[in-house]
Amino acid sequence: MCYNSSMRMRRKPNLDKRIKRCCSLLVAEPELLKGRWLAEFGFSKLHLELGCGKGSFTTQTASVNSEALLVALEKVDNVLVLALERALSEDVPNVRFMCNLADDLTDFFDSGEVSRIYLNFSDPWPARRHAKRRLTGEIFLSLYKKVLCDGGEVHFKTDNQDLFEFSLAEFDRCGFKLSEVSRNLHEFGVQGIMTDYEMKFHGEGQPIYRCVATWDRGEL
């Protein structure tokens, strides 16, 4: 098989066959590309999206950033197949997918190899005992520091105010420089590319929180 099938909800019909049809976009052994993603695919920048969902944001963002290779991680194959099929149908040349966990980033990407990371509507893990699982917590920020280049950025969006305030504090405490901080991103009209979740939340009148956190590798 060309994907990680260990994390499943109720399986979609013909899931294996559907994923196999999209294998040209799925990186089965990303560890073999560590340190040479850009050379292998011929792009000048490498962007990551951690948790791509159904892939709407992924394909649109890749289309407007044609100089960058966008590698999207999604741990649930039931969801990943939808993103794969969307990217394949839209014929987006600069996007690839991985069915892997963010915990293993340093196994797949070399020091300074990544210039941008997108975190969109990550699981807030609200219980204090689960704080270490938050993708904007210190454990994950230490991984991002290792793979981001000098001036590399984390673009973070959420509908969860508590997670946002926690994340701002963690970014600052871990040495990231914050900018573009907004607690109601679309207050005066839609800004940027929305995810599927974001369109739903915005339609319900919920504020969207966003920030950019920049890493200076000189601080390593």
Side-chain angles (χ1 to χ4, degrees), residues 7 30 45-62 64-65 68-76 79-80 83 95-106 108-109 113-126 130-149 151-186 191-202 206-215:
M7 295 191 179
K45 297 178 182 179
L46 177 59
H47 294 173
L48 305 183
E49 183 185 3
L50 306 186
C52 67
K54 298 176 183 178
S56 176
F57 177 89
T58 312
T59 54
Q60 292 182 69
T61 299
V64 300
N65 291 279
L69 174 67
L70 177 53
V71 178
L73 281 71
E74 175 53 58
K75 66 182 181 181
V76 182
V79 178
L80 176 63
V95 64
R96 293 295 185 275
F97 295 88
M98 295 167 48
C99 195
N100 297 89
L101 295 170
D103 310 56
D104 304 320
L105 281 184
T106 54
F108 310 135
F109 304 100
E113 192 170 18
V114 177
S115 60
R116 183 177 298 175
I117 296 173
Y118 294 104
L119 300 176
N120 293 318
F121 302 91
S122 309
D123 192 325
W125 293 105
H130 293 150
K132 64 182 181 181
R133 300 185 183 183
R134 298 171 191 162
L135 292 184
T136 51
E138 182 179 6
I139 292 174
F140 285 98
L141 294 185
S142 66
L143 294 178
Y144 307 157
K145 288 179 182 181
K146 292 176 182 178
V147 301
L148 282 171
C149 65
E153 299 173 340
V154 178
H155 289 218
F156 173 59
K157 284 197 288 189
T158 182
D159 66 309
N160 188 296
Q161 183 178 11
D162 289 342
L163 177 62
F164 189 67
E165 299 303 335
F166 165 85
S167 301
L168 291 181
E170 287 291 275
F171 282 131
D172 182 65
R173 187 169 67 85
C174 293
F176 286 82
K177 297 177 181 178
L178 288 164
S179 62
E180 301 182 38
V181 177
S182 174
R183 290 177 172 81
N184 195 351
L185 179 61
H186 307 304
Q191 302 295 313
I193 297 170
M194 284 188 167
T195 71
D196 292 319
Y197 278 123
E198 189 172 1
M199 286 186 281
K200 175 180 180 291
F201 296 144
H202 178 61
Q206 297 185 44
I208 303 300
Y209 304 86
R210 180 183 183 270
C211 70
V212 173
T214 303
W215 175 241

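When a residue number appears, it is its place in the shown sequence, counting from 1.
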Mind checking the [atom1]-[atom2] spacing from [X] to [Y]? Nearest 0.5 Å is all I need.
X: I208; Y: Q161; atom1: CD1; atom2: CD; answer: 12.0 Å
X: D159; Y: L185; atom1: CG; atom2: CG; answer: 12.5 Å
X: Q191; Y: N184; atom1: CD; atom2: CG; answer: 10.5 Å
X: E170; Y: L135; atom1: CD; atom2: CG; answer: 12.5 Å
X: S179; Y: E153; atom1: OG; atom2: CD; answer: 6.5 Å

Between T214 and G151 the two heavy atoms that sit nearest each other are CG2-O, 3.7 Å
For residues C211 and V181, report the shortest heavy-atom separation together with the two atoms involved.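 Nearest heavy atoms, C211 then V181: CB-CG2, 4.0 Å.
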V212, N65, T61, L148 screened by side chain to side chain contact (heavy atoms under 4.5 Å, CB included) with R116, the one that passes: N65
Applying side-chain contact (heavy atoms from CB on, under 4.5 Å), name anything that partners P124, two or more places apart in sequence or on another chain.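 Checked P124 against side-chain contact (heavy atoms from CB on, under 4.5 Å); matches are P126, N160, L163.
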Listed partners of T106 passing side-chain contact (heavy atoms from CB on, under 4.5 Å), at least two apart: L143, K146, V147
Is a side-chain N or O of K145 found less than 3.5 angstrom from the main chain of C174, in a donor-acceptor match?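 The answer is yes, because a donor-acceptor pair under 3.5 Å joins these two groups.
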Would you say Y144's side chain and L105's backbone share a donor-acceptor pair under 3.5 angstrom? no
Apply side-chain contact (heavy atoms from CB on, under 4.5 Å) to the pair H130 and D123, showing each step before the final yes or no. CA-CA 11 Å; H130 293 150; D123 192 325; over 6 Å; no
For [X], all residues meeting side-chain hydrogen bond (donor to acceptor under 3.5 Å, both in side chains), sequence neighbours excluded:
X: K200; answer: E204
X: R210; answer: H155, E180
X: S167; answer: T136

Could you work out, with salt bridge (Lys or Arg N to Asp or Glu O under 4.0 Å) as the rule, every residue matching E198, not counting sequence neighbours?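 If we apply the salt bridge (Lys or Arg N to Asp or Glu O under 4.0 Å) test to E198, skipping adjacent residues, the hits are K157.
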For E113, salt bridge (Lys or Arg N to Asp or Glu O under 4.0 Å) partners two or more places apart: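 Checked E113 against salt bridge (Lys or Arg N to Asp or Glu O under 4.0 Å); zero matches.
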Side chains of residues 46-57: which donor-acceptor pairs under 3.5 Å do they make with residues two or more places apart or in other chains?
residue	atom	partner	partner atom	Å
H47	NE2	S115	OG	3.4
E49	OE1	T58	OG1	2.6
S56	OG	Q60	NE2	3.0
S56	OG	R86	NH1	3.2

Using the test ring-ring contact (aromatic ring centres under 6.0 Å, His included), find all partners of [X] that sit at least two apart in sequence or belong to another chain.
X: F97; answer: none
X: F164; answer: Y209
X: F171; answer: F176

According to the salt bridge (Lys or Arg N to Asp or Glu O under 4.0 Å) rule, which pairs have a member within residues 131-144, sequence neighbours left out?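 For residues 131-144: E138-R173.
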Check the pair V64, I193 against side-chain contact (heavy atoms from CB on, under 4.5 Å), reporting the backbone distance first and the verdict last. CA-CA 10 Å; V64 300; I193 297 170; 3.9 Å; yes
Side-chain contact, heavy-atom cut-off 4.5 Å: K75 with L73?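 Heavy-atom side-chain distance check fails, nothing below 4.5 Å.
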Close side-chain approach of Y118 to L70, heavy-atom, < 4.5 Å: yes
In sequence, state the C-alpha distance, the side-chain angles, and the governing distance for F108 and V71, and then conclude on side-chain contact (heavy atoms from CB on, under 4.5 Å). CA-CA 11 Å; F108 310 135; V71 178; over 6 Å; no
Audit row: D103, F140, side-chain contact (heavy atoms from CB on, under 4.5 Å) steps and yes/no: CA-CA 7 Å; D103 310 56; F140 285 98; 4.0 Å; yes
